[in-house]
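Comments concern the structure below.
Every chain is numbered from 1 and lettered A, B, ... according to where its sequence line falls, protein lines coming before strand lines. All values reported here derive from a predicted model rather than from experimental measurement. When reading the values below, keep in mind they use all heavy atoms of this one structure, side chains included, and skip hydrogens, waters and symmetry mates.
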Amino acid sequence: MSPRKRTATAALPPPVSPERHAALRGPLLSWYDRNKRDLPWRRTRDPYAIWLSEVMLQQTQVSTVIPYWERFLARFPTVKALASAPLDDVLSGWKGLGYYTRARNLHRAAQEVVERFGGKFPPTAEELITLPGFGRYTAGAVASIAFGEPAPIVDGNVARVLSRLFEVEGLPGDRDREATLWALATELAKGERPGDFNQALMEHGATTCRPESPLCLLCPVRDGCFAYRKGRVHELPPAKVRAAPRKLFLALAVWPHAGTLLFARRADKGLFGGLWELPAVEVDEETPEAEAVQRLSSTLGATLALEGTLDSVRRQLTHRDLTLRLLRVSGGPRPTKSAAFQELRWCTPQEAEALGMSTAMQRALDAVLGHGVLGGDAPAAPAPAKKKAAGRTTRKATGG
DNA sequence: CAGTCGTGGGA
DNA sequence: TTCCCAAGACT
């Protein structure tokens, strides 16, 4: 018995008896062998390709990841190729996937694998977790799936599955709850094919032990599930409490010149870090356009005149309600650097395609080009944005 | 520990 | 239309 004292309210890690270990592990593994989805990263044993899938899958759905994973791998086939690529190319390959820090960490980690490990991934979770962007989950996933180390993983799926199987109480983020889940996952990872078993836990959570409407009648470990026995499946785990999204208004300078527009690279930290945008300043909902133009002028070190406005673009992020106001301006002198941005660049639409850019900014750019701001007829269909209108119409484009 | 960081899809 | 999320990491 451990001498460590616990408070009365602390969750005690449920024991995993040898019987229970076997009763869960075997059925889950054979269920996985029969029911696993044919995902492209399950057809490779290349640690680099597996790592890439794990990073892309962070907070992102499988169906979204598949085309990105294939394209990215074709563009950067090896960790060395990724390490030696310019950051702009990497961010461009990540364009539209979100959580862009992942891409910058991916790039840095690739460089460290080359420099510190001679281009070969270290095979243990303990070493992997020292690399940028590797947390406990990703280190365990790569170690177990690519190298067969019996390392545990706990992601959202595993947390849900184990919460139900072992009736683990507590809200997501609760210290004792997390410790309990990792302790359970550590015990269960021990045995044959730890990588497949870890994936079995996730696959089961993703397809059967789902958050809503779990398919308990198809569950291979239903008999051993405490939550099922007690009729508590629907209440475990408790849903996260999420803060309401805050409003964020940005005024963008749409500044055409000789077939180009002015683009700026945002700071590495914060929203859309390191990505390119039409130069933006944060404003309030009430900020008059004239004042927004004034602030863009001083930010860019130029004297700008408002020529007209285009439709605003709205985007819902998890924690932000984003409104992009497009202000078409003219003026001078034309800057090539600014203290407010990492970098400024005058780009044709074609050149801008190669820049890392958020989906919000891509929508704004599509709207700008759709209005023929650069002259001529609306240029070659601005990336037929899946039929949906690029932005809601709040007012007609004006000025000339 | 709580806040931050995106997106497309489904209810 | 609106809301909710999904294979986390970092500060």
Side-chain angles (χ1 to χ4, degrees), chain A residues 36-37 39-42 50-69 91 94-106 108-109 128-142 144-145 152-161 170-179 181-182 185 195 198-207 209-213 237 239-246 248 266-275 314-322 356-363 385-388 392:
Chain A
K36 67 179 174 187
R37 290 168 290 179
L39 304 179
W41 43 87
R42 287 181 176 159
I50 290 169
W51 167 52
L52 180 65
S53 75
E54 290 301 336
V55 175
M56 286 186 166
L57 285 163
Q58 289 168 10
Q59 303 291 288
T60 309
Q61 311 218 354
V62 165
S63 57
T64 301
V65 166
I66 290 175
Y68 276 93
W69 184 83
L91 290 173
W94 206 267
K95 184 187 297 190
L97 245 195
Y99 286 136
Y100 297 92
T101 297
R102 291 185 296 177
R104 286 185 287 125
N105 282 337
L106 192 83
R108 284 203 296 145
L128 289 167
I129 204 169
T130 67
L131 294 165
F134 277 82
R136 204 171 172 186
Y137 166 79
T138 305
V142 173
S144 63
I145 298 170
I153 59 165
V154 176
D155 71 335
N157 284 316
V158 175
R160 180 173 58 256
V161 170
L171 291 163
D174 177 88
R175 193 182 181 81
D176 288 326
R177 172 186 190 261
E178 305 305 326
L181 293 173
W182 278 98
N198 282 340
Q199 293 190 82
L201 276 179
M202 292 191 286
E203 189 80 349
H204 180 242
T207 64
C209 195
R210 308 184 298 201
E212 303 296 330
S213 320
K240 292 176 203 169
V241 281
R242 196 184 295 267
R246 298 203 311 266
L248 176 64
R266 295 173 62 88
D268 279 342
K269 289 184 178 173
L271 190 65
F272 304 139
L275 301 188
R314 295 192 59 187
R315 293 279 299 171
Q316 271 291 355
L317 313 183
T318 301
H319 54 295
R320 302 279 183 179
D321 184 353
L322 190 58
M357 205 174 292
S358 69
T359 297
M361 195 56 54
Q362 192 65 55
R363 296 270 195 275
K386 286 219 292 191
K387 184 116 181 198
K388 274 186 179 172
R392 290 170 188 76

Touch check for [X], heavy atoms < 4.0 angstrom, all strands: base, sugar-phosphate only, or nothing?
X: A/R266; value: nothing
X: A/G205; value: nothing
X: A/L39; value: base
X: A/R246; value: sugar-phosphate
X: A/Q199; value: nothing
X: A/L271; value: sugar-phosphate
X: A/R160; value: sugar-phosphate
X: A/R108; value: nothing
X: A/S63; value: nothing
X: A/T138; value: sugar-phosphate
X: A/L97; value: base

- prompt: Expressed as a whole number of Å, how far does the P atom of C/dT11 sit from that of B/dG6?
  reply: 14 Å
query: If you measure from the P atom in C/dC5 to the same atom in B/dG3, how many Å do you get, rounded?
result: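 These two P atoms come out 16 Å apart once rounded.
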Within the structure provided, determine whether [X] and [Y] are in side-chain contact (heavy-atom separation under 4.5 Å).
X: A/L171; Y: A/K240; answer: no
X: A/F134; Y: A/V55; answer: no
X: A/L248; Y: A/L271; answer: yes

task: Please evaluate the base of B/dG8 for a donor-acceptor partner in the side chain of A/T60 within a cut-off of under 3.5 Å?
output: no
query: Within the modelled atom types, does a donor on one side and an acceptor on the other bring the side chain of A/T318 and the base of B/dT7 under 3.5 Å apart?
result: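 Answer is yes: a donor-acceptor pair is held.
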query: For A/R175, does the CZ atom sit with more than 12 other heavy atoms under 6.0 Å from it, leaving out its own atoms?
result: no
field: A/P132 or A/S53, whichever maps to the more 5' nucleotide of DNA chain C
entry: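 Mapping each residue to its closest nucleotide by heavy atoms, the 5'-most match is A/S53.
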- prompt: Toward the 5' end of DNA chain C, which comes first, A/N105 or A/R42, by nearest nucleotide?
  reply: A/R42
Closest nucleotide among B/dT7, C/dA6, C/dG8 to the A/D155 side chain: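 The nucleotide sitting nearest to the side chain is C/dG8.
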field: Closest nucleotide among B/dC5, C/dA9, B/dT7 to the A/F272 side chain
entry: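 Of all the options, the side chain of A/F272 is nearest to B/dT7.
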Would you say [N] has OP1 or OP2 under 4.0 Å from some side-chain N or O of [X]?
X: A/Q61; N: B/dG8; value: no
X: A/Y100; N: B/dT7; value: yes
X: A/R320; N: B/dC5; value: yes
X: A/R102; N: B/dG6; value: no
X: A/H319; N: B/dC5; value: yes

query: Relative to the 5' end of DNA chain B, which residue comes earlier, A/R175 or A/G270, by the nucleotide with the nearest heavy atom?
result: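 The 5'-side residue here is A/R175.
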Between atom [atom1] in [X] and atom [atom2] in [N], what is the gap in whole Å?
X: A/R136; N: C/dG8; atom1: CZ; atom2: P; value: 15 Å
X: A/E178; N: C/dG8; atom1: CD; atom2: C1'; value: 11 Å
X: A/L106; N: C/dA9; atom1: CG; atom2: P; value: 13 Å

Option from A/L52, A/T60, A/L97 for which side-chain contact (heavy atoms from CB on, under 4.5 Å) with A/Y68 holds: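 With A/Y68 as partner, A/L52, A/T60, A/L97 yield a single side-chain contact (heavy atoms from CB on, under 4.5 Å), made by A/L97.
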- request: Please check if any side-chain donor atom of A/N105 sits under 3.5 Å from a side-chain acceptor atom of A/R102, or the reverse.
  value: no
A/Q58-A/Y137 side chain donor-acceptor pair, cut-off 3.5 Å: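 There is no such pair (donor and acceptor under 3.5 Å, judged by atom type) between the side chains of A/Q58 and A/Y137.
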